[in-house]
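Read through the structure below, which is laid out as structure tokens, and then see the notes.
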Amino acid sequence: MKIEKDKYARFCFSFRNSEGDIVYETAEEDASWYIHGRGLIMPAMEKAMEGHEEGENFIFAIPQDEAFGPRREALVREFRKDEMPEGFEAEIGAVLEVTDEDGNVFPAFVCEVGEEILKLDANHPLAGQDLNCEMKVLEVRDATMEEWNELERHLMDPEQGPVMMEFGEDAEGGCGCHACHTGTCGDPGCSDHGKGNGSKKPN
């Protein structure tokens, strides 16, 4: 069975940068799933998976504009340490949720620490990078009603984010899920996966 619209697909993958280093990967035991053609994963990944079958391994390139977008220096800002929340450990790599002027909450990480000032970077960690994706298709089949229910639950609740992506923040071409980047995305492996709401298969 080939991956085509409305087919369930389960897969694991890795991203390599232009130097060939693995910058992100998932294992088979932590494999992701989605329903094809519903805009649930990065568009470049969904396009590349079209027509592939269970058991296939393949590699494809994702330019930065179709991955997590270019780096934007406007997203790197200085703050005084006394502006940070009480108990926050100001060290390189520490992640803090910040709110923009429109009330959107998203993660930023500490990229520089001075005596009184620190810098927060709200770019996705993979922004500005051209990626090579190594994909392994683990399963392709018709989706169950339970999975359609899970899909519709996510589509009806924007706070849930995409069904499967483990990370991804804003990103032109990215998955658009702030929660994924902080590890709070409600993906199918979470405790409430499978609790359908009795809804019918979406059109």
Side-chain angles (χ1 to χ4, degrees), residues 2-3 7-71 75 91-97 106-111 121-141 143 147 150-151 154 160-191 193:
K2 294 184 177 181
I3 297 176
K7 295 299 183 185
Y8 168 103
R10 188 167 58 88
F11 63 95
C12 58
F13 68 98
S14 65
F15 286 147
R16 290 183 184 270
N17 60 21
S18 55
E19 284 74 45
D21 299 322
I22 294 177
V23 292
Y24 184 81
E25 63 182 340
T26 60
E28 287 193 28
E29 56 267 28
D30 300 315
S32 302
W33 70 269
Y34 77 114
I35 295 178
H36 192 75
R38 296 288 172 168
L40 300 173
I41 63 174
M42 186 183 292
M45 294 177 72
E46 187 165 51
K47 181 179 178 180
M49 293 182 73
E50 180 85 29
H52 284 281
E53 299 180 358
E54 182 175 321
E56 285 194 58
N57 295 272
F58 57 100
I59 300 173
F60 56 97
I62 309 178
Q64 62 178 268
D65 287 345
E66 295 179 26
F68 296 94
R71 277 192 57 80
L75 296 181
E91 56 185 22
I92 301 296
V95 177
L96 180 70
E97 286 193 344
F106 55 93
F109 65 93
V110 177
C111 61
D121 187 349
N123 285 285
H124 188 280
L126 298 183
Q129 297 192 49
D130 297 322
L131 303 172
N132 285 310
C133 182
E134 300 178 10
M135 178 71 66
K136 182 175 183 180
V137 181
L138 302 173
E139 185 179 7
V140 182
R141 57 171 170 76
E147 289 153 354
E150 177 72 2
L151 165 61
H154 281 265
Q160 290 290 339
V163 168
M164 56 63 55
M165 288 302 287
E166 283 79 4
F167 68 95
E169 169 255 321
D170 149 345
E172 297 141 18
C175 87
C177 178
H178 298 304
C180 292
H181 184 47
T182 55
T184 59
C185 179
D187 82 348
C190 71
S191 60
H193 170 51

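Computation of the quantities below employed the complete heavy-atom set of this structure, encompassing side-chain atoms and omitting hydrogens, waters and symmetry-equivalent molecules.
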Closest non-hydrogen atom pair between G93 and F109, with its separation: O-CB, 4.1 Å
Verdict with reasoning, L96 to V110, per side chain to side chain contact (heavy atoms under 4.5 Å, CB included): CA-CA 8 Å; L96 180 70; V110 177; 6.0 Å; no
E29: partners by side chain to side chain contact (heavy atoms under 4.5 Å, CB included), with sequence neighbours left out: A27
Measure the CE-CD distance between M42 and E66 for me, rounded to the nearest 0.5 Å. 9.5 Å
Under the rule for side chain to side chain contact (heavy atoms under 4.5 Å, CB included), what residues qualify as partners of D21, not counting sequence neighbours? N17, E19
Tell me the closest heavy-atom pair linking D121 and C111, and the distance in Å. CB-SG, 4.0 Å
In plain terms, say whether E46 and R38 are close enough for a salt bridge, that is, a side-chain N and a carboxylate O under 4.0 Å apart. no
Drop me the distance from T26's OG1 to K136's NZ, to the nearest 0.5 angstrom. 11.0 Å
As an exercise, state the distance from CG of N123 to CG of L75, rounded to the nearest 0.5 Å. 4.5 Å
Could you state the interatomic distance from CE (M49) to SG (C133), rounded to the nearest 0.5 Å? 8.5 Å
Ignoring hydrogens and angles, write down the donor-acceptor pairs under 3.5 Å from the side chains of residues 8-16, residues two or more places apart or on other chains.
{"from": "R10", "atom 1": "NE", "to": "E139", "atom 2": "OE1", "distance (Å)": "3.0"}
{"from": "R16", "atom 1": "NE", "to": "E134", "atom 2": "OE2", "distance (Å)": "2.5"}
{"from": "R16", "atom 1": "NH1", "to": "G20", "atom 2": "O", "distance (Å)": "2.7"}

Output the distance between atom CD1 (I35) and atom CD (E147), rounded to the nearest 0.5 Å. 6.0 Å
Of all the heavy-atom pairs spanning V23 and Q129, show the shortest one and how long it is. CG1-OE1, 4.3 Å
Can you name the residues that form a side chain to side chain donor-acceptor pair (under 3.5 Å) with E56, not counting sequence neighbours? H52
Determine whether more than 12 heavy atoms belonging to other residues, nucleotides or ligands lie under 6.0 Å from atom NZ of K7. yes
Closest non-hydrogen atoms of A31 and L138, given as atom of the first, atom of the second and distance, are CB-CD1, 3.4 Å
Counterpart residues, salt bridge (charged side-chain N to carboxylate O under 4.0 Å, His left out), relative to E91 (two or more places apart): none
Beyond-backbone contact of M135 with M45, side-chain heavy atoms, under 4.5 angstrom: yes
Nearest 0.5 Å please: distance from the CD1 atom of I62 over to the NZ atom of K47. 11.5 Å
Which residues pass the side chain to side chain donor-acceptor pair (under 3.5 Å) test with H36, not counting sequence neighbours? Y34, E50
